[in-house]
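These notes concern the structure reproduced below.
Just so it is clear, the values below take in all heavy atoms, side chains as well, and ignore hydrogens, waters and symmetry mates. This chain uses plain numbering: 1 for the first residue, then up along the sequence.
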Amino acid sequence: MTTLEKQFAQTVAEHKSTIYTACYMFSKDADEVNDLFQEVLVNLWKGFESFEHRSNIRTWIYRVALNTCISIDRKKRRSASVPLTMDINFFEDRDEDTRQVDMLHKRISRLQPFDRAIVLLWLENLSYEEIGQIVGISTKNVSVRLFRIREQLKQMSND
């Protein structure tokens with residue numbers, strides 16, 4: 001194993017949860033999440049050697065992961081697909097907190113991919129500046145978009 005391969009493996013190990021979080025935001029299907037994860041790894045590997053460290057490695061990983069997931073999501077939406085039903089219950093207990101989390105996830109999944117990415121980063125407690133760097137918009141624009149996203153989420157019904 002080369003030094004570059006070792007560095008890549010270590011970076012992936014350190015940021016595995018970041019990658020999975022991004023992938024999970026675009027699908028709840030375990031196989032699809034794993035496929036997204038693999039695509040993200042391929043894209044990270046392609047750019048790893050040329051990463052110039054002008055930004056934080058975590059910021060770069062988020063950007064690659066989200067761009068990969070958004071791109072695949074767009075392709076998936078363009079092609080005719082048969083909706084998959086999921087008989088899996090991700091939450092065994094049905095207490096009020098769990099219902100609230102489930103409702104929020106359902107609403108977030110109805111947002112446009114770019115808005116989903118912003119919400120994911122906000123839920124990860126990243127600063128508006130970091131979110132802006134990752135998605136390529138100004139800090140002020142992050143603030144405005146989050147305000148609009150919150151309003152959109154409030155107006156969604158619980159369908």
Side-chain angles (χ1 to χ4, degrees), residues 8 11-12 14-48 50-86 88 90-91 98-159:
F8 181 74
T11 301
V12 168
E14 289 172 6
H15 298 280
K16 185 178 182 178
S17 66
T18 297
I19 300 167
Y20 265 115
T21 299
C23 295
Y24 183 73
M25 207 53 174
F26 286 84
S27 179
K28 271 192 167 184
D29 178 70
D31 290 334
E32 191 172 13
V33 168
N34 287 328
D35 290 345
L36 288 170
F37 186 85
Q38 292 300 319
E39 284 295 320
V40 170
L41 288 182
V42 167
N43 289 334
L44 287 171
W45 175 249
K46 287 178 182 176
F48 190 70
S50 61
F51 176 64
E52 297 174 354
H53 297 282
R54 285 186 281 176
S55 65
N56 180 305
I57 188 80
R58 183 172 179 229
T59 300
W60 178 72
I61 289 171
Y62 261 126
R63 178 171 271 183
V64 171
L66 290 172
N67 285 340
T68 301
C69 291
I70 288 170
S71 178
I72 290 171
D73 188 67
R74 283 184 182 145
K75 288 177 189 172
K76 184 173 64 175
R77 288 176 191 256
R78 274 187 248 149
S79 65
S81 62
V82 176
L84 298 175
T85 59
M86 296 189 27
I88 302 169
F90 287 98
F91 304 102
T98 303
R99 282 192 292 276
Q100 291 286 330
V101 169
D102 193 34
M103 178 191 69
L104 180 61
H105 190 277
K106 284 178 184 175
R107 288 181 179 187
I108 290 171
S109 70
R110 291 168 46 198
L111 295 171
Q112 293 298 314
F114 190 75
D115 290 343
R116 265 189 276 165
I118 291 172
V119 169
L120 163 71
L121 297 170
W122 180 75
L123 289 172
E124 288 287 310
N125 293 319
L126 271 66
S127 70
Y128 285 14
E129 184 179 339
E130 289 175 299
I131 295 170
Q133 289 173 352
I134 292 168
V135 299
I137 60 176
S138 70
T139 303
K140 179 70 175 163
N141 201 344
V142 170
S143 175
V144 169
R145 287 191 81 111
L146 278 170
F147 176 79
R148 289 179 181 161
I149 291 167
R150 282 188 208 107
E151 291 302 309
Q152 191 177 354
L153 290 171
K154 285 179 192 174
Q155 293 180 12
M156 286 182 187
S157 66
N158 292 328
D159 305 338

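- Between the side chain of S109 and the main chain of K106, a donor-acceptor pair closer than 3.5 Å is present.
- Within the 4.5 Å cutoff, no side-chain heavy atoms of L44 are placed close to those of F51.
- A distance of 12.0 Å separates NZ in K16 from OG1 in T21, rounded to the nearest 0.5 Å.
- Residues satisfying the side-chain hydrogen bond (donor to acceptor under 3.5 Å, both in side chains) criterion with S27, sequence neighbours excluded, are E32.
- T59 contributes no side-chain N or O that, together with a main-chain N or O of S55, makes up a donor-acceptor pair within less than 3.5 Å.
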Practice task
Any chance you could lay out the side chain to side chain donor-acceptor pair (under 3.5 Å) test for D29 and Y24, step after step, and finish with the verdict?
Solution key: CA-CA 8 Å; D29 178 70; Y24 183 73; over 6 Å; no
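- Proximity of a side-chain donor or acceptor of D73 to a complementary backbone N or O of C69 within less than 3.5 Å is not detected.
- The structure places CD1 of I108 at 9.5 Å from CD1 of I149, a figure rounded to the nearest 0.5 Å.
- Interatomic distance, CD1 of I57 versus CH2 of W60, reported as 5.5 Å (0.5 Å rounding).
- For the side-chain contact (heavy atoms from CB on, under 4.5 Å) with F26, the lone residue among I72, I70, L120 that qualifies is I70.
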Handout entry: Full working for side chain to side chain contact (heavy atoms under 4.5 Å, CB included) between Q133 and N56
Key = CA-CA 10 Å; Q133 289 173 352; N56 180 305; over 6 Å; no
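- Residues in residues 133-148 take part in these salt bridge (Lys or Arg N to Asp or Glu O under 4.0 Å) pairs, two or more places apart or across chains: D115-R145.
- In Q112, the CD atom is not crowded: 12 or fewer heavy atoms of neighbouring residues, nucleotides or ligands sit closer than 6.0 Å.
- Counting heavy atoms from C-beta outward, L126 and R58 have side chains that approach closer than 4.5 Å.
- Sorted by first and then second residue, the side chain to side chain donor-acceptor pair (under 3.5 Å) pairs involving residues 122-132 (not counting sequence neighbours) are Y62-E124, S127-E130, Y128-R150.
- Using cut-offs of 30° and 60° on the angle between ring planes, the pair W45 and F48 is parallel.
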